[in-house]
Amino acid sequence: MSATEYQRIRIAECAAHDGKKVEIAGWLYNLRRSGKICFPQVRDGSGVIQCTALKNTLPEELFEGLKHLTQESSVIVRGKLRAEARAPGGYEMEIEDATIVQKVPEEQPYPITPKDHGIEFLMDHRHLWLRSRRQHAVLGIRHEVIRAVRDYFDNNGFTLVDTPIFTPAACEGTTTLFEVNYFDEEKVFLTQSGQLYNEATAAAFGKVYTFGPTFRAEKSKTRRHLTEFWMVEPEMAYATLEDVKRVAEELICFVTGRVLERRKEELAVLERDVSKLQAIQAPFPRISYDEAVERLKKKGSEIEWGGDFGGTDETLLSEDFDRPVIVDRFPTAIKAFYFQPAPDRPDVVLGADVIAPEGYGEIVGGGQRIHDLDLLLKRLEEHQLPREAFEWYIDLRRYGTVPHAGFGMGIERFVTWMCGIDHLRETIAFPRMLYRTRP
RNA sequence: UCCUCAGUAGCUCAAUGGUAGAGCAUUCGGCUGUUAACCGAAGGGUUGUAGGUUCGAGUCCUACCUGAGGAGCCA
């Protein structure tokens with residue numbers, strides 16, 4: 001029997017090849033064995049399939065080789081595919097031939113066993129942990145989220161214009177930045193937001209977005225923080241706070257719908273309560289910061305008007321709603337210099353945050369930017385920011401300035417929410433956190 | 001930076017101040033439908049590090065190291 005009569009397929013395509021002779025190239029996920037029959041489970045990155053190997057139909061060398069395969073050994077199996085109710089996944093291959101590409105040595109077995117492991121051990125073995133079913137599901141959903149985000153903007157007239165990662169100065173003057181030696185003399189910083197550059201490209205293209213990594217040197221050590229994370233930031237010319245709220249709402253509904261539609265299996269692996277995601281429909285409730293503070297006080301929070309929400313406050317707020325809640329008009333004092341003040345109330349700005357349900361916290365933050373030259377200059381001074389570094393940004397108010405607005409959405413927080421998991425670190429292949437930069 | 005908790009076999013954990021143990025993983029034996037397979041056996045230990053108290057410390061005390069969760073700050 002030559003190998004050529006078997007068609008190479010991926011496990012995800014099994015349904016289209018029922019009853020056919022196929023070849024699957026992958027890794028041994030798990031193995032159960034009896035005296036004269038064994039059940040190797042093979043994964044190939046697209047799924048997991050159970051195979052059967054029978055002693056009395058295979059050459060002894062092949063049967064013994066399969067029976068003693070170690071976890072994560074690389075193997076190519078060939079045989080006939082059939083629907084089989086007893087097999088997890090619904091399809092099964094009866095092995096007729098196999099090539100063991102590499103057997104993981106018994107004296108140094110694969111470290112991640114099917115039993116429980118602690119988080120330190122798993123994080124140290126992140127390069128291998130990615131092979132597990134659960135991690136595979138999380139990263140599959142991440143991929144879908146990113147694809148849907150890009151589809152949404154691409155289909156709605158936005159142009160992707162990426163912004164630099166090396167930046168000459170603090171964008172916002174608020175958070176701590178990573179400093180990098182740029183050749184011999186100059187110091188530059190890793191970007192904390194592409195927003196200021198987006199304002200320039202929005203004046204060139206009308207509607208733009210940037211999608212890339214973002215760096216924050218905050219010494220935060222919680223389940224909601226990474227030092228390196230991915231953010232999508234749209235920016236629109238001739239737009240207001242109302243446009244920000246509408247676009248954020250549409251985006252969130254579109255992406256959630258896509259995940260529900262295309263990632264049922266992954267959500268099932270994660271045992272995600274999909275009814276919680278099905279509830280994500282427009283319109284989202286909209287409340288003002290003033291009202292949010294009142295609600296929080298009634299719920300026992302110690303927040304006072306003028307303070308920013310803590311993690312607990314966001315959870316308390318989200319408890320009142322079955323879908324994301326939009327909070328707008330924050331105190332001017334706690335927001336970055338570029339926020340447009342409300343025309344009727346200069347003590348609040350035209351900014352909005354979207355807070356996810358189930359305690360997943362802030363997933364979107366943005367608003368309308370200052371378009372008036374004199375006001376911008378005044379704010380830069382109030383925030384004691386070096387005007388020289390912002391000359392190009394000020395230029396945008398000199399040459400055809402218009403009301404404009406945009407927001408940022410943190411991808412990892414969004415994916416954490418979609419997955420219903422409790423820590424951000426599992427939503428990126430190799431998380432960078434305070435005290436962890438390996439592997 | 002601060003607060004809290006934890007560190008025992010490769011992994012997950014147990015052990016009243018008195019002989020360091022179990023499950024998983026690995027090896028050997030058994031089983032033709034297993035579903036984190038099961039049954040029997042074997043090998044596997046400087047109890048994070050350094051001091052201290054005690055007749056005796058995995059257990060109590062001190063310092064340090066490492067990790068986790070949280071606060072502040074943020075998406």
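Computed from a predicted model, the values in this text were never measured in an experiment.
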I'd like the C1' distance from B:rG56 over to B:rG18, given in whole Å. 7 Å
Whether A:R272 side chain and A:K264 backbone form a donor-acceptor pair below 3.5 Å: no
Does NZ in A:K276 sit with more than 12 non-hydrogen atoms of other residues, nucleotides or ligands closer than 6.0 Å? no
Under 4.0 Å, heavy atoms only, any strand: does A:I363 hit a base, just the sugar-phosphate, or nothing? sugar-phosphate
Across all strands shown, which nucleotide pairs with B:rG7 by Watson-Crick or G-U wobble geometry, both distances under 3.5 Å? B:rC65
Quantified in whole Å, what is the C1' atom distance between nucleotide B:rA20 and nucleotide B:rU47? 8 Å
How would you label the contact of A:H125 with the nucleic acid (heavy atoms, under 4.0 Å): base, sugar-phosphate, or nothing? nothing
Pick the nucleotide of RNA chain B nearest each of A:R32 and A:P109; which residue has the one closer to the 5' end? A:P109
Indicate, with yes or no, if the rings of A:Y29 and A:Y110 have centres closer together than 6.0 Å. no
Whom does B:rU1 pair with, Watson-Crick or G-U wobble, provided both distances fall under 3.5 Å? B:rA71
Determine the Euclidean distance between corresponding P atoms of B:rA15 and B:rU4; express it in Å to zero decimal places. 24 Å
Write down the partner of B:rA41 under the Watson-Crick or G-U wobble criteria, each distance required to be under 3.5 Å. B:rU27
In the structure shown, which nucleotide is the Watson-Crick or G-U wobble counterpart of B:rU54, with both distances under 3.5 Å? none
Nearest to the A:K219 side chain among B:rG69, B:rU1, B:rC73, which nucleotide is it? B:rU1
How is A:Y435 classified with respect to the nucleic acid when contacts are heavy atoms under 4.0 Å: base, sugar-phosphate, or nothing? sugar-phosphate
How is A:R425 classified with respect to the nucleic acid when contacts are heavy atoms under 4.0 Å: base, sugar-phosphate, or nothing? sugar-phosphate
For RNA chain B, determine which residues of residues 292-305 of chain A have any heavy atom closer than 4.0 angstrom to one of its atoms, and list them numerically. none
Distance-only check: which donor-acceptor pairs under 3.5 Å involve side-chain atoms of residues 277-284 of chain A, not counting sequence neighbours?
residue: A:Q281; atom: NE2; partner: A:Q278; partner atom: O; Å: 3.3

Whom does B:rG21 pair with, Watson-Crick or G-U wobble, provided both distances fall under 3.5 Å? B:rC13
Residue A:E13 excluded, over 12 heavy atoms near CD under 6.0 Å: yes
pair A:N198-A:T163: side-chain heavy atoms closer than 4.5 Å: yes
Contact state string [nucleotides 28-33 of chain B, B base, S sugar-phosphate only, - no protein heavy atom under 4.0 Å]: ---BBB
When you look at NZ of A:K103, are more than 12 heavy atoms from neighbouring residues, nucleotides or ligands closer to it than 6.0 Å? yes
Provide the Watson-Crick or G-U wobble partner of B:rU47, both distances under 3.5 Å; none if there is no partner. none
Using a 3.5 Å cut-off and no angle test, enumerate the donor-acceptor pairs between side-chain atoms of residues 298-307 of chain A and protein atoms at least two apart in sequence or in another chain.
residue: A:K299; atom: NZ; partner: A:E319; partner atom: OE1; Å: 3.2
residue: A:K299; atom: NZ; partner: A:D320; partner atom: OD1; Å: 3.0
residue: A:S301; atom: OG; partner: A:I303; partner atom: N; Å: 3.1
residue: A:S301; atom: OG; partner: A:D313; partner atom: OD1; Å: 2.6
residue: A:W305; atom: NE1; partner: A:D290; partner atom: OD1; Å: 2.7

Give every pair of a protein N or O atom and an N or O atom of nucleotides 11-15 of chain B that lie under 3.5 Å apart, one pair per line with the distance.
residue: B:rC11; atom: O2'; partner: A:D116; partner atom: O; Å: 3.3
residue: B:rC11; atom: O2'; partner: A:H117; partner atom: ND1; Å: 2.4
residue: B:rU12; atom: OP1; partner: A:G118; partner atom: N; Å: 2.9
residue: B:rU12; atom: O4'; partner: A:D116; partner atom: O; Å: 3.3

Counting only heavy atoms not in A:E271, do more than 12 fall under 6.0 Å of its CD? no
Could you tell me whether the phosphate oxygens of B:rG70, OP1 or OP2, come under 4.0 Å of any side-chain nitrogen or oxygen in A:H225? no
Could you tell me how far B:rA68 sits from B:rG23 if I compare only their P atoms? Round to whole Å. 30 Å
Compile the donor-acceptor pairs under 3.5 Å between side chains in residues 415-424 of chain A and protein atoms, sequence neighbours left out, one pair per line.
residue: A:T416; atom: OG1; partner: A:E412; partner atom: O; Å: 2.6
residue: A:H423; atom: ND1; partner: A:R425; partner atom: N; Å: 3.0
residue: A:H423; atom: NE2; partner: A:R425; partner atom: NH1; Å: 3.4

So does A:T214 get a backbone contact from the side chain of A:T191, meaning a donor-acceptor N/O pair under 3.5 Å? no
Ion pair check, A:E84 and A:R82, cut-off under 4.0 Å: yes
What nucleotide, of B:rU26, B:rG72, B:rA36, holds the atom closest to the side chain of A:E106? B:rU26
